[in-house]
Amino acid sequence: MGERAAEKRGKRITQATLNPYPNSDSNKRYYTMDYFLRKRFGKKVCKIPLDGGFTCPNRDGTKGYGGCSFCSARGSGDFAATGSVTEQIKLGAEMMHRKWKDALIIPYFQSFTNTYAPLSELKAQFEEALSYPGVMGLCVATRADCITDDCAEYLHELSERTFLMLELGLQTANDSTARRINRCHSLADFIQGYRKVRDLFVCIHMINGLPGESYGDMLETASAVAELKPAAVKIHLLHILRGTALEKEFWEGGFEAMTLNDYVNTVCDQLEILPADTVIERVTGDGAEASLIAPMWSKKKLVVQNEIDKELLRRGSYQGIKRK
């Protein structure tokens, strides 16, 4: 073992010894996706965002038009490439391997709703992704109300032959907020769809800072998600992006963006009530810099992560500490 690797390993051991949270080998007091994947696969794993050319039922008129008010023109898949599935994976893998030479890859169907299509089309795209050399699994982002029984059956079959991650966008447990952001499905609808796939590795998305949401609403969403006991959770910060319906509401004074301090404290409070064995895929998010309007402090993602780490340390706290 080289001196640098030994030093890094020693640092992790020291941090882990000082950290009362068990699912960590660093200073992180929550169950990071990086830690989970390294434990499962033995090395760094990178997700490669893909655009499969799908749409959403609240864009094509099936349930509504315009999409969720916060969603970008690319269906929140602004970091995906273009081209065929194979071409996108190749480009993404080349970029990832410049930073992590031997990292494993998981294709991530991110843009729009990736089960909102005929099953034959889903199979064609997912199987193409899985056939790419070196792929270790598959990640599919979708809406819980867009999982048919046939689709659920296929997803279960996929999970038996590869590592499958299914990401479901809840964002908020408050139906009033859901109507305001044009989500076009209720909490009850979400739970109904979730029950079809709850035995899979499901990651539920939450967004902090949605229009009209109070601190109590955001904690209630975390509590509702905790009761569902998903394998993983993504905690997002609301980004106001150019060209979205949310932009107009923001400029008209319909709501204010969260401050860094409020966001950090809210995330820490949420982590404390989420189950200790739920993987936390992220504690903040990336907004495309060219289209980001607010909050501008979110551009410094490492700063946000570090402030969360420092707040948990200051409290002597960690994920799940208040979980009953």
Side-chain angles (χ1 to χ4, degrees), residues 49-78 80 109-119 121-122 125 140-152 155 166-197 202-214 217-218 220-221 224-225 228 234 236-255 257 285 287-288 291-294:
L50 304 178
D51 186 341
F54 301 105
T55 184
C56 295
N58 62 346
R59 284 181 180 260
D60 67 5
T62 301
K63 289 193 170 183
Y65 295 95
C68 295
S69 63
F70 57 83
C71 196
S72 70
R74 292 200 65 189
S76 295
D78 300 86
F109 284 89
Q110 181 181 29
S111 302
F112 299 101
T113 302
N114 293 281
T115 60
Y116 187 56
L119 186 57
E121 184 177 342
L122 300 180
Q125 296 220 34
V140 178
T142 189
R143 292 163 56 107
D145 63 335
C146 291
I147 302 174
T148 64
D149 291 343
D150 286 346
C151 179
L155 293 172
L166 188 65
E167 301 200 359
L168 300 181
L170 174 62
Q171 324 309 1
T172 176
N174 187 313
D175 282 342
S176 295
T177 304
R179 287 190 291 271
R180 182 168 175 174
I181 63 173
N182 196 43
R183 191 179 68 190
C184 294
H185 72 276
S186 66
L187 176 61
D189 294 331
F190 179 91
I191 292 173
Q192 183 179 12
Y194 173 75
R195 285 173 177 161
K196 297 180 182 180
V197 293
V202 175
C203 175
I204 297 178
H205 291 215
M206 307 187 304
I207 295 181
N208 290 328
L210 290 168
E213 290 251 288
S214 66
D217 291 325
M218 290 179 265
E220 181 56 37
T221 292
V225 169
L228 294 175
K234 270 187 179 179
H236 289 274
L237 165 67
L238 179 71
H239 294 103
I240 297 94
L241 303 176
R242 288 186 178 85
T244 62
L246 200 66
E247 178 190 10
K248 183 173 184 292
E249 186 176 359
F250 176 72
W251 288 129
E252 290 176 349
F255 69 100
S291 59
L292 180 67
I293 291 173

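Both backbone and side-chain heavy atoms feed into the values below; hydrogens, waters and symmetry mates do not.
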I need the minimum non-hydrogen distance between Ala294 and Phe250, along with the two atoms involved. CB-CZ, 3.8 Å

Measuring from Met218:CE to Asn174:CG, what's the distance to the nearest 0.5 Å? 11.0 Å

Ignoring hydrogens, what is the shortest heavy-atom contact between Ser69 and Thr244? Give both atom names and the distance. O-CB, 3.4 Å

Residues in ring pair (Phe, Tyr, Trp, His ring centres under 6.0 Å) with Phe109, at least two apart? Phe126

Can you list the residues that meet the side chain to side chain contact (heavy atoms under 4.5 Å, CB included) rule with Glu220, with sequence neighbours excluded? none

Mind listing the closest non-hydrogen atom pair of Leu122 and Cys151 along with its distance? CD1-SG, 4.1 Å

Minimum heavy-atom separation for Leu187 and Ala173, please, with both atom names. CD2-O, 3.7 Å

For a side chain to side chain contact (heavy atoms under 4.5 Å, CB included) check, start with the C-alpha distance between Trp251 and Ile240, then their side-chain angles and the critical distance, and finish with the verdict. CA-CA 10 Å; Trp251 288 129; Ile240 297 94; over 6 Å; no

Mind listing the closest non-hydrogen atom pair of Glu247 and Leu241 along with its distance? CB-O, 3.6 Å

Show the numbers, then the answer: is there a side chain to side chain contact (heavy atoms under 4.5 Å, CB included) between Cys68 and Gln171? CA-CA 10 Å; Cys68 295; Gln171 324 309 1; 5.9 Å; no

Pair Thr148, Asp150: side-chain N/O donor-acceptor within cut-off below 3.5 Å: no

Under 3.5 Å donor-acceptor, Asn114 side chain and Thr142 backbone: no

Within this structure, what is the CD1-CZ distance for the pair Ile204 and Phe190, rounded to the nearest 0.5 Å? 4.0 Å

Using side-chain heavy atoms (C-beta onward) and a distance below 4.5 Å, is Cys146 in contact with Pro57? yes

Compute whether any side-chain donor of one residue and acceptor of the other, for Thr172 and Glu213, lie under 3.5 angstrom apart. yes

Could you go step by step and tell me if Leu168 and Ile147 meet the side chain to side chain contact (heavy atoms under 4.5 Å, CB included) rule? CA-CA 10 Å; Leu168 300 181; Ile147 302 174; 3.9 Å; yes

OH on Tyr194 to CG on Leu170, rounded to 0.5 Å: 11.0 Å

Hey, is CD on Glu121 packed in by over 12 heavy atoms from elsewhere, all under 6.0 Å? yes

Sequence neighbours excluded, which residues qualify as salt bridge (charged side-chain N to carboxylate O under 4.0 Å, His left out) partners of Glu167? Lys47, Lys234

Kindly indicate whether the side chain of Leu237, heavy atoms from C-beta on, has any atom under 4.5 Å from the side chain of Asn208. no

Would you name the heavy atoms of Leu246 and Pro211 that are closest together and state the gap between them? CD1-CG, 3.5 Å

Measuring from atom CZ of Arg179 to atom NE2 of His185, what distance do you get when rounded to the nearest 0.5 angstrom? 13.0 Å

Euclidean distance, Ile207 CD1 relative to Phe70 CZ, rounded to 0.5 Å: 4.0 Å

CZ-CG distance between Arg183 and Asn58, expressed to the nearest 0.5 angstrom: 10.5 Å

Could you tell me if Arg180 and Thr177 have a donor-acceptor pair between their side chains, going purely by distance under 3.5 Å? no

